[in-house]
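Below you'll find the structure, written out as structure tokens, and then a few comments.
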Amino acid sequence: MIINHPLLGPRDAAEFTYLGDAKMIHRPDWQADDALAQFTAYGYLRDNPAGPHRELWFHEQGDRSWLVVTRDTTTHEITDVQLARDVARAEGRSK
Amino acid sequence: MSYSGFRVIKEALTGHRGWGPAWRTPEPKSDYDYVIIGGGGHGLATAHYLAKEFGQSRIAVIEKGWIGGGNVGRNTTIIRSNYLLDGNEPFYEFSLKLWEGLEQDLNYNAMVSQRGILNLIHSDAQRDAFTRRGNAMILNGADADLMTTEQIQKRYPFLNVNNARFPIKGGLAQHRGGTVRHDAVAWGYARAADRRGVDIIQNCEVTGFRIENGKCLGVETSRGFIGAKKVAACVAGSSGRLMEKAGMRLPIESHVLQAFVSEGLKPVLPGVITFGAGHFYCSQSDKGGLVFGGDIDGYNSYAQRGNLPVVEDVCEGGMAIFPMLGRVRLLRMWGGIMDMSMDGSPIIDRTHIDGLYFNGGWCYGGFKATPASGFAYAHLLATGRPHETATAYRFDRFEKGRMIDEKGMGNQPNLH
Ligand SMILES: Cc1cc2nc3c(=O)[nH]c(=O)nc-3n(C[C@H](O)[C@H](O)[C@H](O)COP(=O)(O)OP(=O)(O)OC[C@H]3O[C@@H](n4cnc5c(N)ncnc54)[C@H](O)[C@@H]3O)c2cc1C
């Protein structure tokens, strides 16, 4: 697989390590009443879809940026790559 | 019809006209006591033990393709019970004992071959860890043997014990481990279950569940609704896709694992050998091909095919310990989709929906578990209580902090 890095251009996926579902960008609120249930779901439960999946890849052997890659899990085709930082900001995370 | 040596001779003398199909092709009935979803090794074993050990009837196994077409027919056929943790080791040892009596139980030649498995040791720290694991195995009634480099060299003279980076400093052997003809396991369980009246329904996909007032009443399938008192999901790599239809999110990611087989060779490799410094394991099939594999690719996938970096990694691992592999030509490679759980251990449990049960999260090690998984699942379905060796395989262990994490990797499926 080739990941089209927004800053560095096409890079071999072997340079990256994989974390998983990009929903992990959003940590639950630790002060919420149901924080235990929310953190259990955050830490352990996954949608695991067959089809398009937004997921976090880390360019470990490159510029060490985190990317949000949209990839079809049934074909491995990559349709979108963005810097995770930009995605997080656009989705309202402060830091 | 029972299979026996006598029968083979009789058929040989009468032109092999007496063999019938090994199982029926029934039409689905409108309802059953038990509907098992997934005709892989685990689903078929569950049906067999439900009928045989727990005296249950009105059982159907529903398979979307053909039985044996999933991971049970794609794996590298290794069986062993060399686990460390209390939640796991008694279960896998129970499984190994069931393998030892399987062919008599099923009246089917599954080619169970206890040729032994050897995990190589490459450092002093690893020897300490393997010694501890061996002791845990012995405490749970399994066999374990810490071998020296000299003993290993004598038995496996082709191993490169003096590799500059990964010298072989010993090994942990389990001589009762070995290999089993994988698809014969599916066929053997299918035939044994069918002979006890289980309906095996192929080419029938479960497309949804009928759930009313928190109770599961049956399954919607490509061949219509089938009612059931108890519905038992058992679809390995498709677990996420299936349980989503019941509104459940699972502690599971689906990942692809590749395996490889070489051209056929004369017997060169007695037993199973695993590399301890990278991920590579190898055995020789009875047809002569070297069967080997390594790491999962490491990203969510339902594609049943992997990518080249893992191929390179596996072959490098192989060359590090078996330099003779360099001359061998690869014949085939393939991938299967595994239900990688958050702690690397499986789940055999009821769900929050009444009458709906779940078996999954087997990662890349579910083949060896097939008999015990079927037995324990049948126990849970028939008695309502978990089998004594499977009490730790609960859904709520993540929330309660009781993970069964053999390698201490944390909640990261691609690290297990
Ligand atoms: C390459 C590879 C190597 C492996 N090597 C080993 C090994 O050496 N040792 C070991 O112990 N384990 C190994 N494993 C793991 C092992 O194969 C699996 O954990 C195990 O086979 C899973 O259980 P199963 O046999 O029931 O799965 P499967 O055979 O996959 O059965 C699941 C079935 O469910 C069916 N299904 C799915 N969705 C539906 C639906 N909606 N409706 C109806 N049916 C459905 C599928 O068609 C499939 O037949 C390996 C796996 C792979 C891929």
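Sequence lines set the chain letters: A, B, ... in the order given, protein chains first and strands last, and positions in each chain run from 1.
Around the CG atom of B/Asp396, the shell of radius 6.0 Å holds more than 12 heavy atoms that belong to other residues, nucleotides or ligands. For CZ of B/Arg402, the number of neighbouring non-hydrogen atoms (other residues, nucleotides, ligands) closer than 6.0 Å is 12 at most.
A donor-acceptor contact closer than 3.5 angstrom links the side chains of A/Asn48 and B/Tyr302. Counting only N and O atoms by type, the side chains of A/Tyr18 and B/Asp297 include no donor and acceptor under 3.5 Å apart.
When heavy atoms are compared at a cutoff of 4.5 Å, B/Asn300 approaches chain A by way of both its backbone and its side chain. For B/Met403, the part lying under 4.5 angstrom from a heavy atom of chain A is the side chain only. When heavy atoms are compared at a cutoff of 4.5 Å, A/Thr73 approaches chain B by way of both its backbone and its side chain. Heavy atoms closer than 4.5 Å to chain A are found in both the backbone and the side chain of B/Ile252. Heavy atoms closer than 4.5 Å to chain B are found in both the backbone and the side chain of A/Leu19.
Taking chain B as the reference chain and counting heavy-atom pairs below 4.5 Å, the highest number among A/Thr40, A/Leu45, A/Thr74 is found for A/Leu45. Looking only at heavy-atom pairs under 4.5 Å with chain B, the residue among A/Met1, A/His53, A/Arg46 that has the most is A/Arg46. For chain B, the option among A/Gly43, A/Gly51, A/Ala14 with the highest count of heavy-atom pairs below 4.5 Å is A/Gly43. For the options B/Gly240, B/Pro309, B/Gly410, B/Ser301, heavy-atom pairs under 4.5 Å to chain A are most numerous at B/Ser301.
For the residue pair A/Gly20 and B/Glu253, the shortest heavy atom distance occurs at CA-OE2, 4.3 Å. Here the closest non-hydrogen pair linking A/Arg71 and B/Tyr299 is NH1-CD1, 3.4 Å.
Distance check: A/Leu36 CG to B/Glu399 CD gives 5.0 Å after rounding to the nearest 0.5 Å.
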